[in-house]
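Computation of the quantities below employed the complete heavy-atom set of this structure, encompassing side-chain atoms and omitting hydrogens, waters and symmetry-equivalent molecules. First the proteins, then the strands, lettered A, B, ... as listed; each starts at 1.
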Amino acid sequence: MDTVRVRFAPSPTGFLHVGGARTALFNWLLARQKHGVFVLRIEDTDMARSTEASLEGILEGMRFLGMDWDEGPDKGGDFGPYFQSQRLHLYKEYADQLLQSERAYECFCTSEELNAMREEARAEKRDPKYDGRCRHLSADEREAKRAAGLTSVLRFATDYDGQTTVDDRIRGLVAFDNRQLDDFVIFKTDGMPTYNFAVVVDDALMQISHVIRGEDHLSNTPKQIQIYEALGFAVPQFAHIPMILGPDKTRLSKRHGATSVTQFRDEGYLQEAMVNYLALLGWGYDDSQTVFAPSELIEKFALERVSKNPAVFDLKKLEWLNGVYLRDLDLPTLTAAALPFFQRAGLVDESPTTEQTARVERVLETLQPRLKRLDEIEVSASYFFQDVVEYEEKAARKGLLKGSAQEILTFLAKHLNTVSTFDEPTLKPVFAAAMEQFDCKLGDVMQPVRVAVTGTNSSPSMYEVLPILGREVTVQRIQNAVTFITVKQEEES
RNA sequence: GCCCCCAUCGUCUAGUGGCCUAGGACACCGCCCUUUCACGGCGAAGGCAGGGGUUCAAAUCCCCUUGGGGGUACCA
């Protein structure tokens with residue numbers, strides 16, 4: 001079998017978004033599974049919108065997801081260059097070939113003319129297509145227009161007879177009537193080729209075997225097939241994968257919140273979780289499995305199993321999956337992944353000491369079962385590193401300003417000061433004593449302590465939290481809470 | 001407008017004519033575990049868009065309607 005050569009061809013006009021990443025992923029998975037080649041090609045022919053920053057963002061996103069490319073920027077390869085802006089001579093060459101064979105022609109129409117043409121067509125309820133008026137200009141007429149200083153574009157001389165059929169790996173045979181097409185532009189006045197032309201020249205020259213891309217490209221495929229044929233190129237296999245939608249069922253965009261891959265990384269999503277979730281968007285394996293490690297995806301991915309219908313991006317499921325992967329991490333790995341988030345939150349120094357790192361590790365051990373995103377750390381781990389300066393209103397009301405909380409805390413502050421070590425075996429008797437003394441349930445003594453030391457009413461077990469904080473801090477925070485209660489009570493009366 | 005694609009629980013999906021009284025996962029709800037919050041366990045609720053065919057038999061095949069998405073650029 002021939003080598004599988006696939007490509008991801010983003011245009012550097014924004015960040016790598018979820019949709020693009022999913023397209024890249026399907027290409028990458030196929031390449032890796034078939035021991036083929038994954039090409040990254042930058043489609044930067046839109047001079048006005050392409051930026052260097054976007055390119056960097058896209059590469060960063062690709063790296064974050066672990067999708068390495070065999071040919072492309074930073075890598076080179078035998079089919080370069082991999083920036084369309086550097087392949088102009090190639091597009092020129094093939095455009096000339098079309099000119100020679102009269103499958104392309106110069107068009108001198110201005111945009112005003114074109115607009116008028118479309119308006120008129122609409123008014124007469126005809127399709128707003130280019131009418132081919134420059135197609136049969138004589139050599140003399142073209143010369144005259146050039147002499148008059150008119151600029152021109154190159155248009156493809158479309159074949160209007162019959163149908164063009166796309167043989168799609170996912171959708172089967174899709175037929176288009178050629179009369180639907182028009183003589184589309186292949187070279188712009190700015191000297192750049194248009195997408196529909198450049199993509200064909202590149203995919204053919206780069207010997208791409210499978211063109212896997214979003215369904216939004218399906219309707220343009222017949223145009224491209226006509227170019228392949230006019231140029232005598234072999235037509236690759238096509239696979240148009242479904243779109244990704246927002247919760248409102250419209251195409252996913254910034255309006256729907258985070259859609260940039262690097263933003264997800266910054267919010268504390270793991271590479272594996274992200275890749276797993278993206279794979280699930282439009283692909284499924286069987287009736288039982290949803291968690292797939294990257295290596296498993298490479299093994300099990302199949303174009304045949306890609307769904308035909310658009311998928312709604314479900315942040316909740318991504319979060320759940322991220323939690324699954326977070327819980328699966330061993331402590332050193334989790335610590336390495338989470339440290340930047342502690343630093344960003346100002347909980348530890350930029351160059352943490354070994355004691356700090358050890359503490360972070362201990363904290364993570366207790367937090368791990370409830371972690372969904374790493375950026376939650378800023379909130380859920382703060383009390384391990386910083387004083388509790390205020391209590392959540394609800395937590396204070398239910399945990400401190402109720403029942404005998406003040407007496408219980410006073411009792412605890414006194415007795416916790418006497419225990420030798422500070423761990424579950426030594427702590428337990430103290431809480432038991434408090435329960436007996438105040439004739440109450442364990443929760444009645446734990447909740448006040450929890451609020452006192454964390455400021456909230458949700459945290460890991462006190463038997464885990466207290467040893468990490470140590471006796472001094474614990475007792476201090478309990479005393480602070482007692483003072484707080486006293487002040488509140490005075491305010492009341 | 002015209003063309004193309006699509007249509008199973010709220011969401012992602014399994015299902016390729018009988019195995020379907022339609023399976024799983026997330027979310028939701030309830031219960032258990034429990035010092036809170038999570039985690040975990042158990043359970044409930046929830047779907048074949050509608051209408052016609054074909055067939056002994058249809059979620060599965062065909063047609064229509066409806067709905068959604070995409071294309072129709074000198075964007076990609």
Side-chain angles (χ1 to χ4, degrees), chain A residues 9-13 43-46 48-50 84 107 109 111 114 118 121-122 125-130 151-155 166 168 170-171 174-177 179-182 184-196 198-199 213-223 240 242-243 245 247 249-251 277 280-291 305 307-321 323 327 367-372 380 395 398-399 431 435 441-451 454 456-463:
Chain A
S11 67
T13 54
E43 308 212 326
D44 56 351
T45 51
D46 185 340
R49 296 197 300 146
S50 296
Q84 289 190 326
C107 167
C109 296
S111 53
L114 262 17
R118 277 189 279 264
R122 253 191 288 272
K125 298 208 167 172
R126 285 181 292 111
D127 290 346
K129 297 186 300 189
Y130 178 68
T151 54
S152 67
V153 299
L154 242 42
R155 282 183 188 273
V166 181
D168 194 275
I170 294 168
R171 277 147 227 283
V174 183
F176 295 82
D177 283 330
R179 79 183 81 252
Q180 289 294 328
L181 275 25
D182 71 353
F184 53 96
V185 172
I186 59 174
F187 249 90
K188 304 183 270 183
T189 39
D190 68 358
M192 285 294 187
T194 57
Y195 167 76
N196 283 128
V199 75
R213 68 211 328 183
E215 198 202 317
D216 47 339
H217 291 289
L218 182 56
S219 296
N220 284 322
T221 310
K223 295 180 186 174
H240 288 93
M243 301 274 85
L245 276 24
K249 304 270 190 139
T250 66
R251 195 179 181 154
Y277 182 69
L280 255 23
L281 242 29
W283 174 85
Y285 184 62
D286 61 14
D287 63 353
S288 62
Q289 191 177 2
T290 47
V291 180
R305 293 196 64 86
S307 146
K308 293 194 223 295
N309 34 351
V312 173
F313 188 83
D314 183 2
L315 196 60
K316 279 278 198 292
K317 191 158 185 174
L318 205 212
E319 279 196 341
W320 165 77
L321 210 41
R327 265 168 259 136
L367 253 25
Q368 190 170 26
R370 61 211 84 213
L371 237 36
K372 281 227 245 337
S380 62
K398 298 181 74 172
F431 290 117
M435 282 164 68
K441 290 181 301 191
L442 187 55
D444 295 326
V445 354
M446 286 299 191
Q447 271 313 92
V449 177
R450 170 169 285 109
V451 178
T454 72
T456 77
N457 51 21
S458 74
S459 84
S461 160
M462 285 298 100
Y463 290 131

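Closest approach of A:Val185 and A:Thr194 over heavy atoms only: O-OG1, 2.8 Å. Closest approach of A:Ser152 and A:Thr189 over heavy atoms only: O-CG2, 3.6 Å. A:Gly443 approaches A:Pro448 most closely through the heavy-atom pair O-CD, 4.0 Å. Across all their heavy atoms, A:Phe187 and A:Gly191 have their closest contact at CE2-O, 3.3 Å.
Computed from coordinates, the A:Lys308 NZ to B:U60 P distance equals 14 Å when rounded to whole Å. Protein atom NE2 of A:His240 is 11 Å distant from nucleotide atom C1' of B:C4, rounded to whole Å. One interatomic measurement links the two molecules: CD of A:Gln289 to C1' of B:A25, which rounds to 11 Å at whole-angstrom precision. At whole-Å resolution of the value, CE in A:Met192 and P in B:A76 are 10 Å apart. When rounded to the nearest whole Å, the span between CG of A:Leu245 and P of B:G67 equals 17 Å.
The base of B:A27 has none of its N or O atoms less than 3.5 Å from a complementary donor or acceptor on the side chain of A:Lys317. Side-chain atoms of A:Ser111 and base atoms of B:C74 include no donor and acceptor less than 3.5 Å apart. With hydrogens and angles left out, the side chain of A:Ser219 and the base of B:G70 share a donor-acceptor pair within 3.5 Å.
Distances shorter than 4.0 Å separate none of the side-chain N or O atoms of A:Lys372 from OP1 or OP2 on B:C39. In this structure, A:Arg213 does not reach the B:G70 phosphate: none of its side-chain N or O atoms is under 4.0 Å from OP1 or OP2. Residue A:Thr45 places at least one side-chain N or O closer than 4.0 Å to OP1 or OP2 of B:A76. Taking 4.0 angstrom as the limit, A:Lys188 places a side-chain polar atom (N or O) nearer than this to OP1 or OP2 of B:C75. For A:Arg327, a side-chain nitrogen or oxygen approaches OP1 or OP2 of B:G40 to under 4.0 Å. Taking 4.0 angstrom as the limit, A:Arg251 places a side-chain polar atom (N or O) nearer than this to OP1 or OP2 of B:G71.
The OH atom of A:Tyr130 lies 3.5 Å from the SG atom of A:Cys109; values are rounded to the nearest 0.5 Å.
Within the 4.0 angstrom heavy-atom criterion, no nucleotide atom of any strand lies near A:Pro222. Within the 4.0 angstrom heavy-atom criterion, base atoms lie near A:Glu215. At the heavy-atom level, A:Arg179 lies nowhere under 4.0 Å from the strands shown. Counting any heavy atom pair closer than 4.0 Å across all strands shown, A:Asn309 reaches sugar-phosphate atoms only and no base atom. A:Thr189 comes within 4.0 angstrom of a base, heavy atoms only. Contact annotation for A:His217: base contact, defined as any heavy-atom pair under 4.0 Å involving a base atom. Residue A:Tyr463 is classed as a base contact, given a heavy-atom separation below 4.0 Å to a base. Using a 4.0 Å heavy-atom criterion, one finds that A:Ala395 contacts no nucleic acid atom at all. Looking at heavy-atom distances under 4.0 Å, A:Arg171 makes contact with sugar-phosphate atoms alone, never a base. If you check every strand for non-hydrogen atoms under 4.0 Å, A:Ser380 touches nothing. Looking at heavy-atom distances under 4.0 Å, A:Gly399 makes no contact with the nucleic acid at all. Within 4.0 Å of A:Val153, counting heavy atoms only, lies at least one base atom of the nucleic acid. As judged by a 4.0 angstrom heavy-atom cut-off over every strand, A:Pro460 is placed among the base-contacting residues. Heavy atoms of A:Asp216 sit under 4.0 angstrom from primed sugar atoms or phosphate atoms, though from no base atom.
Annotation: B:U60 and B:A22 have their C1' atoms spaced 11 Å apart (nearest Å). Using C1' as the reference atom, B:G50 and B:A14 are 24 Å apart when rounded to the nearest Å. Here the separation of B:G24 from B:A44, taken at their P atoms, is 10 Å to the nearest Å. If you take atom C1' in B:A25 and the same atom in B:G47, they sit 15 Å apart, rounded to whole Å. With both ends at atom C1', the span from B:C26 to B:G67 equals 25 Å, rounded to whole Å. Taking atom C1' on both B:C9 and B:A27, the two are 12 Å apart, rounded to the nearest angstrom. The separation of B:U16 from B:C20, taken at their C1' atoms, amounts to 14 Å, rounded to a whole angstrom. A distance of about 24 Å separates the P atoms of B:C48 and B:G43, rounded to the whole Å.
Using a 4.5 Å heavy-atom threshold, the side chains of A:Pro242 and A:Asn309 count as separate. Contact annotation: the side chain of A:Ser380 approaches that of A:Leu367 to within less than 4.5 Å [non-hydrogen atoms, C-beta and beyond].
In the set B:U13, B:C75, B:U36, B:C75 carries the atom at the smallest distance from any side-chain atom of A:Asp46. Closest approach to the A:Ala311 side chain among B:U13, B:A76, B:G10 is made by B:U13 (side chain taken as heavy atoms from C-beta onward). You'll find that the side chain of A:Pro369 is closest to B:A38, out of B:C6, B:C26, B:A38. Distance from the side chain of A:Asp314 is smallest for B:G10 among the nucleotides B:C2, B:G10, B:A76. In the set B:A73, B:C2, B:G70, B:G70 carries the atom at the smallest distance from any side-chain atom of A:Met243. Here B:U36 is the nucleotide among B:U36, B:C6, B:A76 with the atom lying nearest to any side-chain atom of A:Gln447. Checking B:U72, B:C2, B:C74 against every side-chain atom of A:Lys223, the shortest atom distance belongs to B:U72. For A:Trp320, counting side-chain heavy atoms from C-beta on, the closest listed nucleotide (B:A27, B:U13, B:G1) is B:A27. Residue A:Arg49 places its side chain closer to B:C75 than to any other of B:C74, B:U11, B:C75. Between B:C26, B:C2, B:A76, one nucleotide has an atom nearer to the side chain of A:Gln84 than all others, and that is B:A76.
B:C61 and B:G53 make up a base pair, with Watson-Crick or G-U wobble contacts both under 3.5 Å. The partner of B:A7, taking Watson-Crick or G-U wobble pairs whose two distances both stay under 3.5 Å, is B:U66. In this structure, B:U72 and B:G1 make a Watson-Crick or G-U wobble pair, each of the two defining distances being under 3.5 angstrom. B:A45 is unpaired under the Watson-Crick or G-U wobble criterion, no partner having all donor-acceptor distances under 3.5 Å.
Between the A:Asp177 side chain and the A:Arg179 main chain, no donor and acceptor come within less than 3.5 Å of each other.
Residue A:His240 is tested with A:Arg213, A:Arg171, A:Lys308 for a side chain to side chain donor-acceptor pair (under 3.5 Å); the sole match is A:Arg213.
More than 12 heavy atoms of other residues, nucleotides or ligands lie within 6.0 Å of NZ in A:Lys223, so this atom counts as buried by the packing criterion.
Taking for each of A:Cys107 and A:Ser461 the nucleotide of RNA chain B with the nearest heavy atom, the 5'-most of the two is the partner of A:Ser461. Where A:Lys129 and A:Ser459 each meet RNA chain B at their nearest nucleotide, the meeting point lying more 5' is that of A:Ser459.
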